[in-house]
Amino acid sequence: MSAEIFTGTMAVQCQPFMSFHHIHGDNVRIDPSGTLATRVESFANGICFSQEPLQPGQIFLVEIEDKELGWCGHLRVGLMARDPRSLDMVPEYSLPDLVNQGDSWIFAITRNHNRVQTEDDNSSRAINELLADPYLKVGKFKYPREKLVARSRPGRFSHILDELYKSNVLPPTALRSRIGVLYEPESDGTRSMHIIINGEDMGPSARGIPATEPLYAVVDVFASTKSVRVIQLEYGFSSLQTLCRLVIQKHIVHRLAIDWLDLPKMLKNFCKYE
């Protein structure tokens, strides 16, 4: 069954299954499913690519599956306008090595990364939008937010944390955080790269990307990021279960209060975290 990205006027057919390419860095091991990439030694030589080039608006989404202490730096993602099979060798680093070869646009994910701000943006508005809107909109593309947002597991004192806790969103580099990359066609015939971090669009991270070559996703399993897993997305309308969760979350004080509700345990867990 094929997936669809819904836009204002049309639905775009997409690849039904996303996986990593068999071409990758020397220190990476890909599991038999092609969806789990693990760096087995050192802190570099962890570059991976998508198996297929991306379609317009198609998100290549990964979740941080494991981390390794003692290294400085985090996951890097982006796009490459070359077939990975055309590389003489996969470079040790995406930044700067792969970028210096040309036709690549790579973005370093940082612990305190913030969305690219526009004139009418403010932090409270962004948090309210994340809480209220079950869809993420990037240009003319629209995505159910449920699979894009990773959810932390609540602890004993979670209810006394700041307002960001109420949005149930992990920091960008945390375990189970979800990072995605896509491109959007522009009116001048070029393409813009967008990075999605836990259901929020970071804005155009690169502009003016030529439309002459297919674009492959690049994921550099770098430094403190040890392992990432590809998340399969279902494009279309949010499920009734997800819409019910949004209603429940809007009418409680904090996530731990969900335990007091007369609901099945599985539904409670779904409401607290995915």
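Quick caveat: nothing in here was measured; it's all calculated off a predicted structure.
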Contacts of Phe49 meeting ring pair (Phe, Tyr, Trp, His ring centres under 6.0 Å) (sequence neighbours excluded), chain-then-number -> none
Any salt bridge (Lys or Arg N to Asp or Glu O under 4.0 Å) involving residues 223-233? Give me the pairs, sequence neighbours left out, ordered by first then second residue. Glu65-Arg229, Glu68-Lys226
Which other residues end up in the same hydrophobic cluster as Met89, if Ile, Leu, Val, Met, Phe, Trp and Tyr are linked when side-chain heavy atoms come under 4.5 Å apart? none
Would you list the pairs meeting side chain to side chain donor-acceptor pair (under 3.5 Å) in which at least one residue belongs to residues 17-32, sequence neighbours left out? Asp31-Ser33
For Asp88, which residues count as a side-chain contact (heavy atoms from CB on, under 4.5 Å) partner, sequence neighbours excluded? none
With Ser50, which residues qualify under side chain to side chain donor-acceptor pair (under 3.5 Å), at least two apart? none
Under the salt bridge (Lys or Arg N to Asp or Glu O under 4.0 Å) definition, can you give me all pairs with a residue in residues 89-105, not counting sequence neighbours? none
Please say which of Met80, Arg191, Gln55 ends up in a side chain to side chain contact (heavy atoms under 4.5 Å, CB included) with Leu215. Arg191
Pairs touching residues 72-87 that satisfy salt bridge (Lys or Arg N to Asp or Glu O under 4.0 Å), sequence neighbours left out: Asp83-Arg85
Check the hydrophobic clustering (I, L, V, M, F, W, Y; side-chain heavy atoms under 4.5 Å; chains of links allowed) and say if Val62 and Ile106 are grouped together. no
Ser224 and His74: CA distance, side-chain angles, deciding distance, side-chain hydrogen bond (donor to acceptor under 3.5 Å, both in side chains) verdict: CA-CA 5 Å; Ser224 64; His74 304 279; 2.8 Å; yes
Among residues two or more places apart or on two chains, list those pairs meeting salt bridge (Lys or Arg N to Asp or Glu O under 4.0 Å) that have a residue in residues 179-189. none
Among Val77, Leu61, Val138, find the one that has a side chain to side chain contact (heavy atoms under 4.5 Å, CB included) with Ile196. Val138
With sequence neighbours left out, which residue pairs that include part of residues 175-216 fulfil the ring-ring contact (aromatic ring centres under 6.0 Å, His included) condition? none
Who else is in the cluster with Phe43 when I, L, V, M, F, W and Y are joined by side-chain contacts under 4.5 Å? Trp71, Tyr93, Phe222
Test side-chain contact (heavy atoms from CB on, under 4.5 Å) applied to Pro185 - qualifying residues, sequence neighbours left out: Pro56, Phe141
